[in-house]
Amino acid sequence: MKQSKNFLQTIVEKDLESGKNREIVTRFPPEPNGFPHIGHAKSIFINFGIARDYNGHCNLRMDDTNPTKEDTTYVEALKDAVTWLGYEWEGNVRFTSDYFAQIHEYAIKLIKMDRAYVDSVDEEEMRELRGTVTEAGKHSKYASRTIEENLEMFERMCKGEFQDGEHVLRAKIDMSAANMKMRDPLMYRIRHAEHFRTGSEWCIYPMYDFAHCLSDYIEGVSHSICTLEFENNRDIYNWVLDTLELNPPRPYQYEFARLGINYTVMSKRKLLELVEGNYVSGWDDPRLPTIAGLRRKGYTPESIVTFCDQVGIAKANSMVDVAQLEFTIRDDLNPKVPRVMCVLDPLKVTIENYEGSSEELDASYYPDDVPREGTRKLPFSREIYIERDDFEENPPKGYFRLTPEQPVRLKHGYIIACKELIKDSDGKITEIKAEYYPTSQSGSDTSGIKVKSAIHWVSGDKAKKVEVRLYDRLYSSEMPEGIEDLNPNSLQVIKDALIEPAVVTEKPDERFQFERQGYFFADPIDYTDEKPVYNKIVGLKDSWAKKRKAAPQKAQTKEKKVQIDGEVVAMTPEQESLFARYREMLKLNSEVANTLARDVDLSAFFEEALAVLHSPVNLANIITNEVAREIKQSGKEALKFTPKQIAELIKMVDDTTISNKIAKQVFEEIVTSGENPVKIVESKGLVQISDPEIIGSMIDAVIEKNPDNLEKFRAGNKKLLGFFVGQVLKATGGKANPKIVNQLLAQKLG
RNA sequence: UGGGGUAUCGCCAAGCGGUAAGGCACUAGUUUUUGGUACUGGUAUUCGGGGGUUCGAAUCCCUCUACCCCAUCCA
């Protein structure tokens, strides 16, 4: 596994360290309304993975709050997926519906707190009242119902006195919130529908935003991890849990980017369309990115987990290359599975000088570089079949296989040479007459003949006829939109491929490498001993095919795209005059003056500091850069320091008591403690070191410790000057005067 | 256009003021009875653009740009 941490692990570790959480509890909360796909695998990997990594636990919870969409068959598929991937959930499978009674109680509590109300406008009106992203919403006339009225209405909703859609329960938050999700979100709606678990017990069902956070809380979840599109919902998540004043600890939500893979689709809607429109054979069609499909195709759970690990977890929307997925399964199978020979497109070869009728050759199932044991008998006879591709009458340059002039080795067998071609009336080759070299047998070759390659083959009389299903990517477009982008050749069924008999009779495994072709999997459903069926998992890398196609080289030079800059908002007359004063009277540079003039808080802070110390440039710099950050992060009211303290700090910089670097360090201290800067410098002994002799000896020590970097520097890697400066500064705890360090270093390094 | 996010190699992705990790893909070579594997090397003078602060910026500040999400009684 990887050594670098993702942002979620960083958060978890911090929370564990700070004591915020004693145990890590996560949950995988799918809605049972569709088959899980590889995107779910990523979520499973994250949630169960974090629980496993930090000795916590992970729940499997079905988010079943919408009775009209969910079904128990999906519950089973979801459970299968988790188990198959190698994870175990804590205790029983949970259901949000288990908590319906508690959630209902919380709703009543909210009504009693006057933080929720029953609304009775119709859907259309509600949408209008909600406003738009740029316009505030308006209150519904029902928002002012009394608590008693709301309580009564909600009870009647619950009892089933109303039709679907007549009333809803909404949180009372803020109809003019900039976050649309906070404009009095719905918490309960009426649904007279049979729920697959609770039957007709309820006719009101909680919405996701209300049920999810509470379910997390009820289960004691510490980190509620979901995908990016729920970022806006985090405000409700927090609002519900905070407003209800629940006993701590409570869960917190974090979001990561969902998985996207090119040449495939991941949305439930599109997947459903493929299945229902019979574009594929079912949810487990091997071309689908569903767990069931991947599994039927022959992917191993390990390879999928590895894939999830390799693509990483971050917050940037991304589109992973399928090549990455294909790599993980090849890499997983390569050291594990037996190699066997299967001819997909047979071409008959008659070995005319072969005397006997047949013989059996010994052949290992594994190449030398795979440390596994196992052999089988390989029948050889006068008539064999080779891959049509492995013969060329007029070979291109660099062709290593059989040609009229070029002999080739039969893998594990003899070397053969082509003597004559038999063609049909269309000119298609139907048979090759060949000769073999009796002394060239694999392992005991004394013929001295050199060949360029070894090809796979099967014996004519003993080979078994099998069905092979060749899968290619489902879509031909890298970012498929819909049905029109389907790849018409995504499935090719070969009814009469020929395979060596041991594969079928001995069945040494269920996954194989068909030598020189790819990895294949015995289809778990359609395979029978009478009619074996193999699915192609993934092809081997094929650098020959690549070389042949490589003709049109893209001679693209990276052109730098020109970026158009937008217009900056004009300053008001007041800002204009302030800007002019800063520029002319105080000699500030235009960027700093600009920032200060446009920001009332910053300029006020600056003016106050300036009244204490007349050092306009240095004050302006620290205020526009460092102070600005603090105000941005925590607001000006929360600042623990005053302009006067900043002025005192800058005074020490001005009289060279401390360096700029130390000033920043002291500033950080002031930010958190609000202490007097002079005192901090005194108590920590942060006075700057400028004595060239002291610095000189430190430099010598650093140089001595880093001989290889010194060499690199002398060889021309001038970037390393920064490295050396950094080392010296580190050695002095940041106190060395960087200007002097630079000067001296430049001298010493020559 | 309001709010919330995100930008580091062809694709992912580390990095949190001091030498731009790693994987895939690509590429050159070595080994090879799989044109596979394995191994060795090559791939970002630069981090969306422009400024600023600093001895030193992918990292801090300002600003611009592009993309994604939000106006389901879905989750």
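By convention in this document, chain letters (A, B, ...) are assigned in the order of the sequence lines, proteins followed by strands, and residues within each chain are numbered from 1. All values derive from a computational prediction rather than experimental measurement.
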Determine whether a donor-acceptor pair (one donor, one acceptor, N or O, separation below 3.5 Å) exists between the side chain of [X] and the base of [N].
| X | N | result |
| --- | --- | --- |
| N625(A) | G52(B) | yes |
| K661(A) | G18(B) | yes |
| Q563(A) | G48(B) | yes |
| T624(A) | U53(B) | no |
| N232(A) | G5(B) | no |
| N317(A) | U6(B) | no |
| Q727(A) | G18(B) | no |
| N742(A) | C55(B) | yes |
| K718(A) | U19(B) | no |

message = When you compare the side chain of R170(A) with that of M126(A), does any pair of heavy atoms fall below 4.5 Å?
response = yes

Do [X] and [Y] have a side chain donor and acceptor closer than 3.5 Å?
| X | Y | result |
| --- | --- | --- |
| D184(A) | Y117(A) | yes |
| R629(A) | N625(A) | no |
| S659(A) | N737(A) | no |
| D216(A) | Y237(A) | yes |
| E255(A) | Q253(A) | yes |

At under 4.0 Å between heavy atoms, what does [X] touch on the DNA or RNA strands: base, sugar-phosphate, or nothing?
| X | value |
| --- | --- |
| L721(A) | nothing |
| Q324(A) | base |
| V168(A) | base |
| H456(A) | nothing |
| I564(A) | sugar-phosphate |
| M182(A) | nothing |
| V133(A) | base |
| K739(A) | sugar-phosphate |
| V121(A) | base |
| T65(A) | sugar-phosphate |
| N709(A) | base |
| R629(A) | sugar-phosphate |

On the nucleotide [N], are OP1 or OP2 found under 4.0 Å from the side-chain N or O atoms that [X] carries?
| X | N | value |
| --- | --- | --- |
| K632(A) | C61(B) | yes |
| R130(A) | C73(B) | yes |
| K546(A) | C26(B) | yes |
| R189(A) | U72(B) | no |
| R258(A) | A75(B) | no |
| N33(A) | A75(B) | no |
| K719(A) | A20(B) | yes |
| N621(A) | C61(B) | no |

remark   = Heavy-atom nearest nucleotide on RNA chain B taken for S444(A) and for M126(A); more 5' hit belongs to S444(A)

request  = Could you say whether E567(A) or D164(A) is positioned toward the 5' end of RNA chain B, judged by the nucleotide with the nearest heavy atom to each?
outcome  = E567(A)

request  = For E70(A) and N66(A), indicate whether the former's side chain and the latter's backbone hold a donor-acceptor pair under 3.5 Å.
outcome  = yes

inquiry  = Keeping R191(A) on the side-chain end and Y205(A) on the backbone end, is there a donor-acceptor pair under 3.5 Å?
reply    = no

task = Could you check how far NZ of K315(A) sits from P of G4(B), rounded to whole Å?
result = 13 Å

query = Does the ring center of Y582(A) lie less than 6.0 Å from the ring center of F606(A)?
reply = yes

request  = Using side-chain hydrogen bond (donor to acceptor under 3.5 Å, both in side chains) as the criterion, list what pairs up with Q727(A), not counting sequence neighbours.
outcome  = none

ask   = Mind checking the C1' distance from G42(B) to U33(B)? Whole angstroms is fine.
value = 30 Å

query = Looking only at atom P, what distance separates U45(B) and C67(B), rounded to whole Å?
reply = 26 Å

remark   = Heavy-atom contacts, protein to nucleotides 34-40 of chain B, under 4.0 Å, summarised as B (base), S (sugar-phosphate only) or - (none) per nt, yield BBBBS--

